[in-house]
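This structure is a prediction, so every number in the text was calculated from the model and none was measured. Just the heavy atoms: all of them, side chains too, but no hydrogens, waters or symmetry mates, feed the values below. The sequence lines fix the lettering, A, B, ..., with proteins before strands; numbering per chain opens at 1.
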Number of protein chains: 2
Amino acid sequence: MSSSTSPVLSEKQIQQVDRILEGEEDHHGGVIVEMTNEPLDPVVFASLLKASLSHWRQEGKRGIWIKIPIELVNLVEPAVKEGFYFHHAEPKYLMLVHWLPGTANTLPANASHRVGIGAFVLNEKNEVLVVQEKSGRFRGTGIWKLPTGVVDEGEDICDAAVREVKEETGIDAKFLEILAFRQSHKSFFEKSDLFFVCMMQPLSSDIRPQEAEIEAAQWMPYEEYVAQPFVQKHELPRRIADICSAKKDKDYSGFSAVPISSAFSEKQDYLYLNGQCLDFL
Amino acid sequence: MSSSTSPVLSEKQIQQVDRILEGEEDHHGGVIVEMTNEPLDPVVFASLLKASLSHWRQEGKRGIWIKIPIELVNLVEPAVKEGFYFHHAEPKYLMLVHWLPGTANTLPANASHRVGIGAFVLNEKNEVLVVQEKSGRFRGTGIWKLPTGVVDEGEDICDAAVREVKEETGIDAKFLEILAFRQSHKSFFEKSDLFFVCMMQPLSSDIRPQEAEIEAAQWMPYEEYVAQPFVQKHELPRRIADICSAKKDKDYSGFSAVPISSAFSEKQDYLYLNGQCLDFL
């Protein structure tokens, strides 16, 4: 597809491409090349890549990463032809990698899990915040469920719970602790899933359901929520209700969030632990 | 690159391609097309894709997924030209997606987290199983650390802990509970990371360090492990040591793993919860 719009370089011209791709060294003996959005002829790119690989091999480099923005999708095929394979992708870019040593590949794996939250928001009247969704498998079933949502890349679980409750119901709530979590597999193609049930304290009471996603939202007497056939018939919601009941009656302790300094970024990380018996909380 | 090796189709020929791509319908009003490994001319593919998109639009389809194996990398560029973008990638394939409706995209997000484990294996002599790694940031530092590893896609956290301990040290161990976990961000490009500290009971005692990754492994008196400057100086290992000490002295309870029926697969899922006060364990 691409050569039809690109000048074809002669062998001589290709040999004249004596530059190599610019990249940053990583901490594992590798190189990370981020292609900018500027158009680059795929034949020139292939030639640059060949010269660069030869250079990096001589230098004893290990994993070579190339990040190609979607605008330069015509460079993906030449990279694969030079021995690169897919590592991961996001809407706007594809990350390819090439392991140069003859030894076994020790490159880090791609992200394997999606992370979600369910929020158990209980008010002083013993009512739980529940919603009916406009889409998904519960649509039109009349089932009242806990607000749920996806934890974004880079987002703390405790913050995601606060955000989702606010978005779906308009309720301000404070994260208290993680009551339990479930790991499941093949939830989305081959990817696995972690779902954290968060205990929350409501800080407001007026519900404003999110127009796009939420059909209805209400404060429901806790016993009424638990008595729903959906909750009683399915193992996961029933077990979660058992845990929420134990928490409500104050004889259960989950994991609270303790900020700690981060190993990787400026931002603080959170360590989630059972704070009931530890005096550093 | 590809058109140089492909016959160029005339407009008339392209119009003659009146088939559409075969796909499976998903549960969200979308279509999933899995390209087989058979070579396909990119011009023919582009034409098939145009016809298929027109058909799916008429049918009111929403998200259109195309999984392209790396062998057919020459089909990636034509797909992007028809409006597809990257969703996720694994070494052997790239998944592209195209949201057809005019409304906001409700496609599921890509996997956002990598998951790892650290194993706290304590024997009856109050010794903890520790290792020195051959690569990574602790190489050559003399620091003895807990065995750690990556949880694979599709693998249960409790199984990953057992596997990693066995692989790194040759020790058979039983998973007891998750003592704590840490969420961190930007650990690997933009991806986030969840690290679960697992309490394990050793079932054997003879250590055989893994040749490829482990420099040395030993049973170390617990107090000696904790007294290492590395553990004392850094917040995460110090906090984890505090939790391990509390567990060792039996006044801490983490989350145990309760098998439950899976929502997505034949396999059982695990719900992790504080089992100390719940009578269904």
Side-chain angles (χ1 to χ4, degrees), chain A residues 1-4 42 70 73-74 76-78 80 85-86 88-91 94 108-115 150 153-154 156-157 180-188 190-192 235-236 239 242-243 246 251-254 260-265 267 269-274 277-278 280, chain B residues 1-4 42 70 73-74 76-78 80 85-86 88-91 94 108-115 150 153-154 156-157 180-188 190-192 235-236 239 242-243 246 251-254 260-265 267 269-274 277-278 280:
Chain A
M1 301 294 287
S2 24
S3 61
S4 59
I70 194 162
V73 63
N74 60 340
V76 174
E77 188 181 351
V80 169
Y85 61 87
F86 308 143
H88 65 276
E90 294 297 324
L94 175 62
N110 190 1
S112 52
H113 284 64
R114 296 196 304 160
V115 178
V150 173
E153 203 168 87
D156 288 312
I157 294 166
F181 65 89
R182 183 214 51 191
Q183 188 189 21
S184 57
H185 304 296
K186 305 207 171 192
S187 70
F188 173 66
E190 294 302 308
K191 297 296 176 183
S192 297
E235 198 171 6
L236 182 66
R239 291 276 166 114
D242 288 342
I243 294 166
D251 57 359
Y252 183 91
S253 71
I260 60 166
S261 53
S262 169
F264 305 104
S265 70
K267 208 168 156 262
D269 289 339
Y270 281 102
L271 184 64
Y272 293 85
L273 49 78
N274 183 343
C277 339
L278 292 175
F280 61 73
Chain B
M1 303 294 288
S2 25
S3 62
S4 58
I70 193 162
V73 63
N74 61 340
V76 174
E77 188 181 352
V80 170
Y85 62 86
F86 308 143
H88 65 277
E90 294 297 324
L94 175 62
N110 189 2
S112 52
H113 285 64
R114 296 195 306 159
V115 178
V150 173
E153 203 168 86
D156 287 312
I157 294 166
F181 65 89
R182 182 213 51 190
Q183 188 189 21
S184 57
H185 304 296
K186 305 207 172 191
S187 70
F188 173 67
E190 294 303 308
K191 298 296 175 181
S192 297
E235 198 170 5
L236 182 65
R239 291 277 166 113
D242 288 343
I243 295 167
D251 57 359
Y252 184 90
S253 71
I260 60 166
S261 53
S262 169
F264 304 104
S265 71
K267 204 166 160 265
D269 287 340
Y270 281 101
L271 184 63
Y272 293 84
L273 48 77
N274 184 343
C277 338
L278 293 174
F280 62 73

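When the ring pair (Phe, Tyr, Trp, His ring centres under 6.0 Å) test is applied to B:H88, the partners found at least two apart in sequence or on another chain are A:F188, A:F189, B:Y93. The side-chain contact (heavy atoms from CB on, under 4.5 Å) test applied to B:P91 returns A:Y85, not counting sequence neighbours.
Taking 4.5 Å as the limit, every side-chain heavy atom of A:I157 sits out of range of all side-chain heavy atoms of A:Y270.
Counting heavy-atom pairs closer than 4.5 Å to chain A, the top-ranked of the candidates B:E235, B:E190, B:Q183, B:R114 is B:Q183. Ranked by heavy-atom pairs under 4.5 Å with chain A, the list B:A111, B:A180, B:G254 is led by B:A111.
Interface remark: A:V115 contributes backbone and side-chain atoms alike to the contact with chain B (heavy atom separation under 4.5 Å). For B:F181, the parts sitting under 4.5 Å from any heavy atom of chain A are the backbone and the side chain alike. For a residue to count as touching a neighbouring chain, one of its non-hydrogen atoms must lie under 4.5 Å from one of that chain's; by this rule B:V76 touches chain A with backbone and side chain alike.
Using modelled atom types, one side-chain atom of A:N274 and one backbone atom of B:S253 make a donor-acceptor pair closer than 3.5 Å. Side chain of A:N110 to backbone of B:E90: no donor-acceptor contact under 3.5 angstrom is found.
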